[in-house]
Amino acid sequence: MKLLHKDIEKDNAGQVTLMPEEAEDMWHTYNLLQVGDSLRASTIRKVQTESPTGSVGSSRVRTTLTLSVETIDFDSQACQLRVKGTNLEENQYVKMGAYHTIELAHVEKAAEALAIDTLLISDKLFRHQEIPMRSRYVRLVDSVRDNGGNARIFSSLHVSGEQLTQLSGVAAILRFPIADLSETEDDSSSDED
C-alpha cells in the first residue's frame, strides 16, 4: 500500500489518500475503514437516459463519489472490499443521500476494458459458498473468452493453484497496459436504492 497523502490532526481526525499495490492491501484498507468514515473514490455507475422521443437507454459513466460508510464487507477469497453508504456530495449522476456500493479486485476493471489476454483463476472461486460469487466469476471467465481472451483455471490441489489462491484467486495477463489500474480509481460499482 502506498500512502499518497496524509493530513491527521491532534484529535486523530483527518484524511489519507492510499493507493493499493497488491491484493492484500484490501485487507489493510478493511482494517482502516470504520462505519461513519467518508470514502471518496472514482466509480462507474449505470445511468438511464430518456431521449426526446421517449425511448429509454442506459450507459455507464465514470464519476467520483464520496460515501458516508455504513457497511464494510471484506471477501477473503477474492481479496475484495465492498463499502456501502450514502452519497455525501451531489453530482449530475447521483443525488445526495442515494445509496451506492463501491467494490475495490483490478481484474474486473481490466475485463471491462477488454484488456485481458489470459485470465488466471483458481477453481476455489467456482466452489465459493455464495452462489452470486460463483456466478460472478463464471461471468468473468465468459466475458474474457467472448472477447478473444484465454481463461486458465488452476486447481487448488496443485501448488500453482494454492499460490494463486493466496494472491486473491484471480490474476490477469493484459494485452496492453492500463494506467488506471495503478491509480486510486480502481473500483467498479453497483447501484442500490
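Side-chain atoms are counted along with the backbone in the values below, which use heavy atoms only and exclude waters and symmetry mates.
- Distance CG/Leu67 to OG/Ser38: 8.5 Å, rounded to 0.5 Å.
- Separation of atoms NZ (Lys84) and CG (Leu39) is listed at 15.0 Å; rounding is to 0.5 Å.
- Within the model, atoms OH of Tyr137 and OG of Ser143 stand 13.5 Å from one another, a figure rounded to the nearest 0.5 Å.
- Counting heavy atoms from C-beta outward, Leu125 and Arg134 have side chains that stay 4.5 Å or more apart.
- One N or O on the side chain of Ser135 and one on the backbone of Ile131 form a donor-acceptor pair closer than 3.5 Å.
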Leu119 vs Val141, test: side-chain contact (heavy atoms from CB on, under 4.5 Å). Steps then yes/no. CA-CA 7 Å; Leu119 178 70; Val141 168; 3.8 Å; yes
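- Under the 4.5 Å side-chain heavy-atom criterion for Ile, Leu, Val, Met, Phe, Trp and Tyr, Ile116 and Ile173 are members of distinct hydrophobic clusters.
- From Ile72, atom CD1 reaches atom OG1 of Thr29 across 10.5 Å, with rounding to the nearest 0.5 Å.
- The salt bridge (Lys or Arg N to Asp or Glu O under 4.0 Å) search around Glu89 returns Arg40, not counting sequence neighbours.
- A continuous path of hydrophobic side-chain contacts links Leu32 to Val16 [ILVMFWY only; heavy atoms under 4.5 Å].
- Two residues are said to be in side-chain contact when any heavy atoms from C-beta on lie closer than 4.5 Å; Phe126 and Val138 meet this criterion.
- Not counting sequence neighbours, Arg175 has no partner by the salt bridge (Lys or Arg N to Asp or Glu O under 4.0 Å) test.
- The CG atom of Leu65 lies 5.0 Å from the CG atom of Asn87; values are rounded to the nearest 0.5 Å.
- Looking only at side-chain heavy atoms (C-beta outward), Leu120 and Val170 stay at 4.5 Å or farther from each other.
- Summarising the local packing, CD1 of Ile8 is surrounded by more than 12 heavy atoms from other residues, nucleotides or ligands at distances under 6.0 Å.
- Side chains of Asn150 and Arg152 form a contact here, defined as non-hydrogen atoms less than 4.5 Å apart.
- Looking at every heavy atom in both residues, Asp123 comes nearest to Ser155 through OD2-CA, 3.6 Å.
- Looking at heavy atoms from C-beta onward, Asp73 lies out of side-chain contact with Tyr30 at the 4.5 angstrom threshold.
- Of all heavy-atom pairs spanning Gly161 and Phe154, the tightest one is CA-CB, 3.8 Å.
- One distance of note links CD of Glu162 with NZ of Lys124; it measures 8.0 Å at 0.5 Å rounding.
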